[in-house]
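Contents: one structure, followed by commentary.
Values reported hereafter were calculated over all heavy atoms of this structure, with side chains retained and with hydrogens, waters and symmetry mates removed.
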Amino acid sequence: MKIVFATNNQHKLEEIRAILGERIEVLSLKDIGCDVDIPETGQTLEENALQKARYVWEHYHLPCFADDTGLEVEALGGAPGVYSARYAAMESRPTGTAPQPHDSEANMARLLRELGENNNRRARFRTVIALIYMKNVCPCGCTQIKQEQLFEGIVEGQITRERSGVGGFGYDPIFLPDGYQQTFGQMSPAEKNNISHRARATQKLAQFLLNLS
């Protein structure tokens, strides 16, 4: 089975392909000739994931899925949430000094600064995957309809007081999952893929796709 993952983020592609293995061939946006920076203007992870998947479906007519992930920190009222990737870029700064979106170091610095010495470090990573595919209406396959499906993966943990590890990406060096002594940034890719939010959502996606085939 072939399916498009609406991303060109190499880190995400590597994680997804490692989780799905050889069961499902995952194509990137680059693989299908799409070099557009698909907008993410939703107010929720679900809206953003659907927005990206629908773009691929409408322009390329291929089965596809897209994800959006947020780090939700309890003491910050669930922030940065849907704005996780551009958290630091949204902060008011002198003209010409604002970091670019997806600046992981700046994002972590802002988060740690805002938490300060707060002892409530509870947080969770949440991934939502939106899948779009064609479903047979009748057994012979003569009639199909477009279907949309959402899958969610959550991992609970806490924010550390300083960075630990250089692996992973995003907020991984400051996120300590419950029951572990290492941050995501200290874990090997295989260790992280066994327990991560994206892994949990992707496993649900994979099982769904394998049941379709």
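- Residues Ala85 and Asn107 come closest through the heavy atom pair O-ND2, 3.1 Å.
- Rounding to the nearest 0.5 Å gives a distance of 12.5 Å between NZ of Lys52 and CD1 of Ile132.
- In this structure the side chain of Ser84 reaches within 4.5 angstrom of the side chain of Tyr171, judged on heavy atoms.
- When side chains are defined from C-beta on, Asn120 does not count as touching Gln158, because their heavy atoms never get closer than 4.5 Å.
- To the nearest 0.5 angstrom, His197 atom NE2 is 8.5 Å from Asp67 atom CG.
- Between the side chains of Tyr83 and Glu40, not a single donor N or O lies within less than 3.5 Å of an accepting N or O.
- A salt bridge is defined here as a Lys NZ or Arg NE, NH1 or NH2 lying under 4.0 Å from an Asp or Glu carboxylate O, and Glu148 with Lys146 meets this definition.
- Defined by atom type and a distance below 3.5 Å, a donor-acceptor pair is missing between the side-chain atoms of Arg126 and Thr69.
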(message) As a quick check of understanding, evaluate side chain to side chain contact (heavy atoms under 4.5 Å, CB included) for Met108 and Glu105, giving each step before the final call.
(response) CA-CA 5 Å; Met108 285 189 287; Glu105 287 298 320; 3.5 Å; yes
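- Of all the heavy atoms in Tyr87 and Ala79, the pair that sits closest is OH-CB, 4.1 Å.
- Note on Leu76 and Phe125: same hydrophobic cluster, where clusters join Ile, Leu, Val, Met, Phe, Trp and Tyr whose side-chain heavy atoms are under 4.5 Å apart, directly or indirectly.
- For Glu15 (side chain) and Lys12 (main-chain N/O), no donor-acceptor pair under 3.5 Å exists by modelled atom type.
- A donor-acceptor pair is defined here as one N or O able to donate and one able to accept, closer than 3.5 Å; such a pair exists between the side chain of Gln51 and the backbone of Thr41.
- With values rounded to the nearest 0.5 angstrom, Arg54 atom CZ is found 10.5 Å from Cys64 atom SG.
- With values rounded to the nearest 0.5 angstrom, Leu20 atom CG is found 7.5 Å from Leu209 atom CG.
- In this structure, OG in Ser164 is found 11.5 Å from CD in Gln181, a value given to the nearest 0.5 Å.
- Side chain of Asn193 to main chain of Ile195: no donor-acceptor pair is present (N/O by atom type, distance under 3.5 Å, no hydrogens or angles).
- Hydrophobic clustering of Ile, Leu, Val, Met, Phe, Trp and Tyr side chains at less than 4.5 Å, counting indirect connections, keeps Val26 apart from Phe169.
- When all heavy atoms of Ala6 and Val56 are compared, the pair lying nearest together is CB-CG2, 3.8 Å.
- Residues Met187 and Phe175 share a hydrophobic cluster, clusters being chains of Ile/Leu/Val/Met/Phe/Trp/Tyr side chains in contact below 4.5 Å.
- Ile32 and Val36 fall within a single hydrophobic cluster, where Ile, Leu, Val, Met, Phe, Trp and Tyr are joined by side-chain heavy atoms under 4.5 Å apart, directly or via other members.
- Between Ala53 and Ala66, the shortest heavy-atom contact is N-CB, 3.6 Å.
- If you check the side chains of Tyr180 and Gln186, you find no donor sitting under 3.5 Å from an acceptor.
- Here the two rings, on Phe208 and Tyr133, have centers that are under 6.0 Å apart.
- In this structure, the ring-ring contact (aromatic ring centres under 6.0 Å, His included) partners of Phe65, at least two apart in sequence or on a different chain, are Phe5.
- To the nearest 0.5 Å, the span separating CD1 on Ile16 from CG on Leu13 amounts to 8.5 Å.
- Hydrophobic clustering (side-chain heavy atoms under 4.5 Å, transitive across Ile, Leu, Val, Met, Phe, Trp, Tyr) groups Leu115 together with Leu71.
- Between Glu162 and Leu112, the closest side-chain pair of non-hydrogen atoms is not below 4.5 Å.
- Checked for salt-bridge contact, Asp103 and Arg86 miss the test: no charged N lies under 4.0 Å from a carboxylate O.
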(request) Check the pair Leu62 / Lys2 against side chain to side chain contact (heavy atoms under 4.5 Å, CB included), numbers first and verdict last. (result) CA-CA 9 Å; Leu62 294 169; Lys2 290 185 180 181; over 6 Å; no
(request) Test Arg122 against Asp178 for side chain to side chain contact (heavy atoms under 4.5 Å, CB included), laying out the working first. (result) CA-CA 10 Å; Arg122 295 300 305 167; Asp178 287 348; 2.9 Å; yes
(request) Could you give me the CA-CA distance, side-chain angles and deciding distance for Glu74 and Arg121, then say whether side chain to side chain contact (heavy atoms under 4.5 Å, CB included) is met? (result) CA-CA 7 Å; Glu74 187 174 285; Arg121 318 294 289 191; over 6 Å; no
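- Partner of Leu150 under the side-chain contact (heavy atoms from CB on, under 4.5 Å) criterion, chosen from Leu205, Ile129, Leu50: Leu50.
- Between Gly81 and Glu72 the shortest heavy-atom distance is CA-CG, 4.2 Å.
- In this structure, the side chains of Arg23 and Leu210 come closer than 4.5 Å at one or more pairs of heavy atoms.
- At least one side-chain heavy atom of Val82 sits less than 4.5 Å from a side-chain heavy atom of Leu45.
- Shortest non-hydrogen contact noted between Leu111 and Ile174 is CD2-CD1, 3.7 Å.
- Distance alone, capped at 3.5 Å, places no donor-acceptor pair between the Arg200 side chain and the Glu152 backbone.
- Side chain of Asn48 to backbone of Gly42: a donor-acceptor contact under 3.5 angstrom is found.
- Under a cutoff of 6.0 Å and an axis angle of 45°, Lys204 and Phe151 do not form a cation-pi pair.
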